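Please read the structure below before turning to the comments.
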Amino acid sequence: MIKKYYDQDCNLGLLDGKTVAIIGFGSQGHAHAENLHESGVNVVVGLRPGSRHVAMAEKAGLKVMGIEEAAEAGDFVMILTPDELQAQIYKDQIAPHLHAGNVLMFAHGFNIHFKQIIPPADVDVVMVAPKGPGHIVRDMYTQGQGVPSLIAVYQDASGKAKDYALAYASGIGAGRAGILETTFKEETETDLFGEQAVLCGGVCELMKAGFDTLTEAGYAPEMAYFECIHEMKMIVDLIYTKGFEMMRYSISNTAEYGDYITGPKVITKESREGMKKVLSDIQDGTFASNFIQEFNAGGKANFYAMRAKQAEHPTTEVGKELRSMMSWLNDEKEVN
Ligand code: NDP
Ligand code: MG
């Protein structure tokens, strides 16, 4: 088990007299900036010209400046822009303003681990990665609670890199819930694996395969959509809040029996072999290099083609129709 750190293990005082520059004010950026500010840390927010977030950051009482200006002002520079843009932003607007003794920070290890960003040797490089989206990081903080977060040290030039990461994590409220130490490598590889094999790739393909099996057997697409897609949320919510045991306690005995005998017939030895291949493509950099090629050099042509192809699946149509019958779904405000 990973050792956990709490507020009493963190020295927020290490940030006294320091300036923390938060680059970007999106999902994570707004939460880190506002939480640190309310924890008494001197925060500046770096945004591109014309950013639609300037007014929002200023309304929160934060000092807003250009990205280069913020990088210059910051003793700590936390990069919270989309991952595929970070290398370019770093090269053009941050690297020239990093000075010896600064702390370069990330909330995800991708760019450091896959060497898209190669920092100078005289700065600390650390990660503070909340295990939740920004609006929850913000909401929990305002309620006196926190979101468990990961920290990692990639480069320790000062000898204090881990203490700095703990201080920052405490400043965003993570020390109230627990801080877990990992490495850039472990965080990056497990994050990519989880989203590809299970959360996004695995789950969506499983749902579609179930839907296709029923509709190809002549069942109504509406029934297939309810049973294989819509009701996923109910099950996942039970697992999310109480684990597999409570989910199984809540479902019928028929469902629980079917769960045990059928799961391994669908996720077979072959599926598990597929997962191992996914993992080795992540570990040896194959996935990262394909992704970078597609997004930076390839103009995203394949990416858009795959998106269009997915949209042609019959679940798109029937899903739209069924969701429009559920008034409570239409009220739900879009989350960042
Ligand atoms: P967002 O997509 O929400 O970031 C948006 C911010 O980036 C905005 O302020 C936007 O500027 C700025 N931005 C976008 N493009 C550019 C550009 N070309 N130049 C300058 N600024 C730009 O990012 P997230 O918060 O989702 O992710 C940030 C980091 O946090 C990533 O490393 C991610 O992996 C990590 N992370 C994200 C989590 C999440 O739940 N979202 C969870 C844990 C980690 P503008 O204000 O002009 O729109
Ligand atoms: Mg993730």
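This structure is a prediction, so every number in the text was calculated from the model and none was measured. Ligands are counted one by one from 1 in listed order, and the atoms in each one are counted from 1 as well. All values below were derived from every heavy atom in this structure, side-chain atoms included, with hydrogens, water molecules and symmetry-related copies excluded.
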Could you list the atoms of ligand 1 found under 4.0 angstrom from a heavy atom of [X]?
X: Leu85; value: 15 (N), 16 (C), 18 (N)
X: Gly24; value: 9 (O)
X: Pro130; value: 43 (C)
X: Ile67; value: 20 (C)
X: Leu47; value: 9 (O), 46 (O)
X: Ser51; value: 45 (P), 46 (O), 47 (O)
X: Gln86; value: 31 (C), 32 (O)
X: His108; value: 32 (O), 34 (O)

- Message: One residue to check: Ile89. Relative to ligand 1, which of side chain, backbone, both or neither has a non-hydrogen atom less than 4.0 Å away?
- Response: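 Side chain only.
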- Item | Contact check: Phe25 vs ligand 1, nitrogen or oxygen atoms, below 3.5 angstrom |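 Yes: some nitrogen or oxygen of Phe25 is under 3.5 Å from one in ligand 1.
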Could you pull out, from [options], the option with a heavy atom nearest to [atom]?
atom: atom 32 (O) of ligand 1; options: Val64, Asp83, Ile23; answer: Asp83
atom: atom 7 (O) of ligand 1; options: Gly134, Pro82, Gly50; answer: Pro82
atom: atom 11 (O) of ligand 1; options: Lys131, Met127, Gln88, Arg48; answer: Arg48
atom: atom 35 (C) of ligand 1; options: Gly26, Ala107, Ala57, Ala129; answer: Ala107

- Query: Is it true that Glu68 and Arg48 make a salt bridge, defined as a side-chain N closer than 4.0 Å to a carboxylate O?
  - Reply: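 Result for this pair is no, no salt bridge flagged.
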- Message: Any salt bridge linking Lys208 with Asp212? Criterion: basic side-chain nitrogen under 4.0 Å from a carboxylate oxygen.
- Response: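 Answer for the salt bridge query: no.
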- Message: Measuring from atom NZ of Lys131 to atom CD1 of Ile136, what distance do you get when rounded to the nearest 0.5 angstrom?
- Response: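 Rounded to the nearest 0.5 Å, the NZ-CD1 separation comes to 13.0 Å.
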- Query: Should the pair Lys162 and Tyr164 be classed as cation-pi, given the thresholds of under 6.0 Å to the six-membered ring centre and 45° from the axis?
  - Reply: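 No.
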- Task: Report yes or no: is the cationic atom of Arg176 (NZ for Lys, CZ for Arg) closer than 6.0 Å to the six-membered ring centre of Tyr141, at no more than 45° off its axis?
- Result: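 That pair qualifies as a cation-pi contact.
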- Is there a donor-acceptor pair under 3.5 Å between the side chain of His32 and the backbone N or O of Gly29?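 No: the side chain of His32 does not pair with the backbone of Gly29.
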- Task: Please name all residues satisfying side chain to side chain contact (heavy atoms under 4.5 Å, CB included) with Glu294, sequence neighbours left out, ordered by chain then number.
- Result: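 Glu294 satisfies side chain to side chain contact (heavy atoms under 4.5 Å, CB included) with Lys300, Asn302, Phe303 only.
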- Message: Take a 6.0 Å sphere around CD of Glu256 and say whether it holds more than 12 heavy atoms from other residues, nucleotides or ligands.
- Response: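 Enclosed: over 12 neighbouring heavy atoms sit under 6.0 Å from CD of Glu256.
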- Message: Can you classify the ring geometry of Phe291 versus Phe287 as parallel (below 30°), tilted (30 to 60°) or perpendicular (above 60°)?
- Response: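 Geometry flag for Phe287 against Phe291: parallel rings.
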